[in-house]
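Below is one structure; the comments refer to it alone.
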Amino acid sequence: MRRTSPAKPSRRWACAPTCLEVGGEVRGCGIKPDAQPWWVALEHPEADDEDPLLIAACGVAIATSGGARRHFEHAGRRFSHTLDPASGEPVRETVLAATVLHPRCASADALATALIVMGAERALAFAARRDLPVVLTLAGETGQRRVLSPAAQAMTLED
């Protein structure tokens, strides 16, 4: 008996052009009827007045991890909900958010969390070596900034 993996459905289950969001993860399938890709707006996690970054979600899943929305504060200090497996403690938030584009949604989600744990420098090197589309929102002394991997830069819509 032949089994079909849920991660790789058979062609007979192919979906119509769709953009689906479930629990914050997005999956684009095909293109819209007007022949445009599905554009997904990535908000800046803590700057509502900043323009969102537009990413083409055509045949990819998009997942974001980070403590911008999910964190707690204790004794005046902010703690991420993501734990560093090396220390068992919440990660220090140099990377406020990591967004990953990947063909598989579960992989995008896992990679986004791993990039948060790695920290900015290691995360960007990891993404560059694997040609992985990644958008990081970094905390700095003068505020926040976005950094895109080369693969992510190729997928954005510039004004």
Side-chain angles (χ1 to χ4, degrees), residues 2-11 13-15 17-31 37-47 50 52-73 77-140 144-157:
R2 186 174 158 208
R3 293 176 43 174
T4 302
S5 165
K8 296 181 182 178
S10 68
R11 294 242 186 242
W13 294 347
C15 65
T18 306
C19 188
L20 179 67
E21 183 272 332
V22 177
E25 319 304 353
V26 176
R27 174 78 167 124
C29 182
I31 57 172
W38 299 101
W39 291 107
V40 176
L42 299 182
E43 297 174 335
H44 200 291
E46 295 183 356
E50 188 166 319
L53 178 66
L54 296 178
I55 299 281
C58 191
V60 297
I62 302 173
T64 300
S65 291
R69 304 231 193 284
R70 296 179 61 181
H71 62 273
F72 67 94
E73 293 186 21
R77 185 170 164 219
R78 183 172 150 157
F79 294 89
S80 172
H81 73 288
T82 304
L83 299 179
D84 182 339
S87 68
E89 296 183 6
V91 296
R92 299 212 180 258
E93 290 190 318
T94 57
V95 179
L96 297 175
T99 299
V100 174
L101 287 75
H102 193 278
R104 296 179 52 202
C105 196
S107 296
D109 188 36
L111 286 164
T113 300
L115 294 174
I116 292 288
V117 174
M118 287 179 199
E121 189 174 314
R122 287 180 52 214
L124 289 169
F126 179 92
R129 281 193 310 273
R130 290 163 178 80
D131 198 30
L132 184 65
V134 169
V135 179
L136 299 181
T137 301
L138 307 178
Q144 300 173 9
R145 64 187 175 96
R146 276 199 186 115
V147 179
L148 281 69
S149 70
Q153 290 173 13
M155 301 177 83
T156 62
L157 180 63

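Looking at every heavy atom in both residues, Arg146 comes nearest to Thr137 through CG-OG1, 4.0 Å. When every heavy atom of Arg27 is checked against every heavy atom of Ala61, the shortest pair comes out as NH1-N, 3.7 Å. Between Gln153 and Leu148, the shortest heavy-atom contact is NE2-O, 3.2 Å. Smallest separation of non-hydrogen atoms from Pro133 and Ala151: N-CB, 3.6 Å. Considering every non-hydrogen atom in both Pro37 and Ile31, the closest pair reads CA-CG2, 4.4 Å.
The side-chain contact (heavy atoms from CB on, under 4.5 Å) check on Leu20 picks up Thr18, Val22, with sequence neighbours excluded. Annotation: side-chain contact (heavy atoms from CB on, under 4.5 Å) contacts of Ala41 (sequence neighbours excluded): Pro52, Leu54. Every residue two or more places apart in sequence or in another chain was checked for a side-chain hydrogen bond (donor to acceptor under 3.5 Å, both in side chains) with Ser149, and none qualifies.
Side-chain atoms of Arg104 do not come within 3.5 Å of backbone N or O of Val60 as any donor-acceptor pair.
The shortest distance between side-chain heavy atoms of Pro90 and Leu83 falls below 4.5 Å. Ile55 is not listed as a side-chain neighbour of Thr99, based on a closest heavy-atom distance of 4.5 Å or more. Counting heavy atoms from C-beta outward, Leu138 and Arg145 have side chains that approach closer than 4.5 Å.
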Show which side-chain atoms of residues 110-130 pair as donor or acceptor with protein atoms under 3.5 Å away, not counting sequence neighbours.
residue: Thr113; atom: OG1; partner: Ser65; partner atom: OG; Å: 3.0
residue: Thr113; atom: OG1; partner: Asp109; partner atom: O; Å: 3.3
residue: Arg130; atom: NH1; partner: Phe126; partner atom: O; Å: 3.4

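One finds the SG atom of Cys19 at 7.0 Å from the CD1 atom of Ile62 (value rounded to the nearest 0.5 Å).
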